[in-house]
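Just so it is clear: chains get the letters A, B, ... in the order the sequence lines come, proteins before strands, and each one is counted from 1. Values below: every heavy atom of this structure, side chains too, minus hydrogens, waters and symmetry copies. None of the values given here were measured: they were computed from a predicted structure.
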Amino acid sequence: MRATGAHIVTYRDDPADAEVISHKLMARAGYIYKVSAGLYAYSPMMWRSIKKVQNIIREELDDAGALEVQLPILQSSELWKKSGRWDAYQASGTMFSTSDRKDATYGLAPTAEEVVTDYAGSSVNSYKQLPLNLYQIHTKFRDEIRPRFGLLRVKEFLMKDAYSFDVSEEALDVSYEKMRSAYYRIFERMGLRALGVDADPGDIGGSGSMEFMLAAETGEDDILVEPGTGYAANTEKAESVLAASPSAGEDARALRIEDTPNIRTVAELQGFFPEIEASRMVKTVLVKAVHAEEEVLWAVLIRGDQEINEVKLRNHTGGLAIQMLTAAEIEENTGAKQGFAGPVGLSDAFSVVADLSVEGMVNLLCGCNETDKHALDVLPGRDFAVPTYADVRLARAGEPGPREGKPLELYRGIEVGHIFKLGTKYAAPMGATFIGDNGKPQPFVMGCYGIGVSRVAASAVEQFADDKGIVWPVPIAPFEVVVTCLNVKKAPLTETAEKVYEALKAAGIDVLLDDRKMGPGAKLKDAELLGFPYAIVVGRSWEKEGQLEARERASGEGWAGGLDEIVQSIIHKVEAGRAGLEPEGR
RNA sequence: CGGGGUGUGGCGCAGUCCGGUAGCGCACCUGCUUUGGGAGCAGGAAGUCGUAGGUUCAAAUCCUGCCACCCCGACCA
């Protein structure tokens with residue numbers, strides 16, 4: 001393609017509302033245009049990249065035996081009520097909803113489990129039709145609380161979503177594993193190194209899930225990695241090994257209640273009782289778990305030097321969301337002011353869960369639901385009922401990892417893919433069944449698998465950009481090579497540029513000929529900003545020495561040579577670059 | 001939703017405190033010159049100053065309501 005016909009529009013300034021590098025550069029390069037908050041138009045150049053991302057995904061999924069479909073994104077609330085997800089998504093406010101002229105309610109798809117399960121339920125009758133894996137690449141909608149970071153977090157985006165249908169858990173394991181390895185290949189083929197991490201399934205639900213992360217400082221997820229062991233997990237889910245409380249194994253002393261005027265936090269208590277470490281204290285955090293129909297009060301006990309993981313806690317309570325109690329609610333339900341709650345003398349209004357870090361603690365210090373007092377030398381089981389123990393603790397960097405006890409390292413990442421084992425979570429309530437080999441109807445055992453297509457493109461920019469602009473990996477670049485003619489008024493130059501352009505086109509290279517009437521500086525800057533992996537410059541050195549110059553965007557490396565020589569070297573480099581990254585074991 | 005901030009040609013901004021009828025840079029159009037790192041000169045087009053109301057002889061500027069957008073927290077591919 002010729003640049004004069006490619007609708008290239010670039011800007012000198014970053015948009016005022018851009019924070020992260022991918023947003024700034026994609027806007028400056030004219031790849032994206034903000035229509036309103038969280039809604040972007042993709043330019044022709046952007047769309048070329050996105051189509052390449054899509055095609056890599058298609059090829060790998062087709063290879064893995066999945067079938068592409070296209071499902072409606074306007075979906076009846078009736079269907080969502082059958083799976084039970086309507087309430088959850090209304091509660092969290094993530095789904096856009098609307099109604100038709102007859103007042104029937106619809107949602108705009110944030111994912112498509114209901115629709116695809118409905119389809120499979122009606123079109124699959126026998127176990128002989130399984131396994132089945134259906135996928136689509138389509139628009140998804142989420143009413144994000146705060147859209148930001150350009151294409152990284154938006155209200156409307158392109159997602160690849162796949163759904164597997166199997167006869168059993170064992171068969172699901174096979175389908176899941178196929179997708180997992182396909183995911184590594186997909187990202188490697190794009191030239192991106194994705195990290196698979198254990199994750200929380202969130203609103204989608206199900207038994208197992210794994211996220212695929214691209215490392216980036218601006219990522220919104222924290223990942224803990226135990227180096228050399230293959231253990232990596234989102235902090236929402238991550239586990240670590242915790243040393244026992246120093247009090248473990250001590251003889252129990254008698255309970256005492258002491259005055260602690262206006263001493264509320266662990267830090268303040270440490271100041272007040274300098275001889276008692278935080279690891280001998282138990283904090284009691286009061287929350288409510290919000291369910292569709294009710295709210296349940298919970299008291300959460302955790303060792304004083306530890307913090308609660310809200311996601312783990314939410315999963316334990318089975319609620320849709322966790323909210324901290326307000327000062328007024330605390331007083332009303334415990335009879336004491338904020339800062340003095342504890343398991344000792346706690347009202348029956350609360351369900352109690354204690355983190356594993358509390359198990360085995362003796363002579364601990366905690367609140368006793370009396371303002372300006374704390375209990376010391378408390379013994380669980382004697383001074384309060386032995387609670388249910390569960391892991392609700394936030395693992396932190398530096399703590400020993402769960403596999404071999406090596407210190408956990410913290411990384412930030414952008415979530416670009418997420419795979420889930422759903423089991424029968426959707427098929428069972430929706431009555432989506434097939435006839436098994438025993439002649440009886442049974443629900444599908446499902447998995448679902450997402451990739452944020454538009455987010456992948458933005459993440460790639462985020463990961464590779466430099467101070468000059470975007471640096472596309474070859475497999476997803478809008479053009480693999482730009483041929484820059486520095487002076488379009490000189491016939492020898494334009495003729496040479498044409499020749500190079502035709503030669504590369506004939507070799508099957510995606511090449512852009514920059515034939516615009518602009519100054520040489522502006523063209524070179526544009527090529528760098530737009531991020532084409534390779535550039536061939538036709539200018540002075542051709543006029544004077546019959547030499548073309550080639551440049552590699554990523555390394556900044558340049559080389560010169562005769563026309564054929566340069567064309568051949570570029571073809572080789574591009575063809576090598578198309579393969580993406582070397583597979584890394586899995 | 002809570003806290004903070006901003007709305008002025010397509011983009012980036014000044015002008016607002018102290019009221020007097022709108023300006024700069026980039027981009028755009030025409031012509032000439034220029035061509036190895038975002039060219040020069042000359043000419044031109046483009047804004048009811050987010051919006052509604054109020055104060056005033058006079059409002060981008062002061063007052064009130066509303067809207068949009070952005071930043072910090074909770075959501076996710």
Side-chain angles (χ1 to χ4, degrees), chain A residues 9-19 23-24 27-28 30 33-39 53 57 88-89 91-95 109-111 137-149 151-162 183 194 199-204 211-214 219-221 234 236 290 310-311 314 320-324 326 414-420 448-459 468-469 484-490 493 516-529 537-544 549 558:
Chain A
V9 184
T10 61
Y11 303 90
R12 224 171 176 134
D13 300 309
D14 290 335
D17 59 8
E19 283 271 301
H23 186 192
K24 287 180 183 170
R28 264 187 64 200
Y33 169 75
K34 185 167 86 178
V35 178
S36 69
L39 298 170
V53 171
I57 293 171
Y89 274 70
S92 63
T94 2
M95 184 154 61
T111 66
I137 298 176
H138 212 179
T139 306
K140 298 290 181 298
F141 297 87
R142 291 196 189 158
D143 189 356
E144 290 292 339
I145 295 164
R146 188 145 88 86
R148 60 182 142 175
F149 302 150
L151 287 193
L152 289 175
R153 174 163 233 89
V154 288
K155 289 179 174 153
E156 180 180 330
F157 57 99
L158 263 184
M159 179 165 114
K160 184 285 298 180
D161 45 326
Y183 268 46
D200 181 83
D203 278 353
I204 310 274
E211 287 170 342
F212 288 79
M213 298 282 186
L214 293 183
E220 294 182 90
D221 286 276
N234 195 305
E236 289 179 348
V290 182
E310 239 186 82
V311 174
R314 189 191 61 191
L320 301 171
I322 295 291
Q323 283 173 13
M324 300 287 287
T326 62
I414 301 169
E415 183 188 354
V416 288
H418 201 155
I419 61 179
F420 307 78
C448 85
Y449 316 91
I451 292 181
V453 173
S454 41
R455 184 183 274 184
V456 165
S459 309
K468 292 179 182 146
T484 305
C485 179
L486 289 188
N487 187 340
V488 295
K489 289 200 173 161
K490 292 186 174 165
L493 295 187
R516 295 174 297 168
K517 294 183 177 66
M518 293 169 58
K523 283 189 176 186
L524 294 169
K525 291 271 189 217
D526 262 4
E528 285 161 345
L529 175 61
V537 180
V538 185
R540 185 180 287 158
S541 58
W542 176 258
E543 270 185 291
K544 299 201 166 148
E549 288 163 67

Could you tell me which residues satisfy side-chain contact (heavy atoms from CB on, under 4.5 Å) with [X], sequence neighbours excluded, listed by chain and number?
{"X": "A:A109", "value": "A:I73, A:Q75"}
{"X": "A:V154", "value": "A:Y40, A:F157"}
{"X": "A:K490", "value": "A:N487, A:P492, A:L493, A:E543"}

Output all residues satisfying salt bridge (charged side-chain N to carboxylate O under 4.0 Å, His left out) with [X], sequence neighbours left out; order by chain, then residue number.
{"X": "A:D13", "result": "none"}
{"X": "A:K34", "result": "A:D17"}
{"X": "A:E549", "result": "A:R551"}
{"X": "A:K160", "result": "none"}

For nucleotides 66-69 of chain B, list the nitrogen or oxygen atoms of the protein found under 3.5 Å from its nitrogen or oxygen atoms, one pair per line.
from: B:C69; atom 1: O3'; to: A:K34; atom 2: NZ; distance (Å): 3.3

Tell me whether the side-chain N/O atoms of A:R146 come closer than 4.0 Å to OP1 or OP2 in B:C70. no

Output one letter per nucleotide in nucleotides 30-47 of chain B: B when a protein non-hydrogen atom lies under 4.0 Å from the base, S when only the sugar-phosphate is that close, - when neither is. ----BBBBB---------

Take atom C1' in B:A22 and the same atom in B:U48, then report the distance between them in whole Å. 13 Å

Distance between P atoms of B:G19 and B:U56 (Å, rounded): 16 Å

Which part of the nucleic acid, if any, lies within contact of A:E220, taking any heavy atom under 4.0 Å across all strands shown: a base, the sugar-phosphate backbone alone, or nothing? base

For A:D221, answer base if it contacts any base atom (sugar-phosphate contacts may also be present), sugar-phosphate if it contacts only those atoms, and nothing otherwise; contact means non-hydrogen atoms under 4.0 Å. base

As a test of understanding, state which of A:L152, A:L158, A:V53 forms a side chain to side chain contact (heavy atoms under 4.5 Å, CB included) with A:S454. A:L158

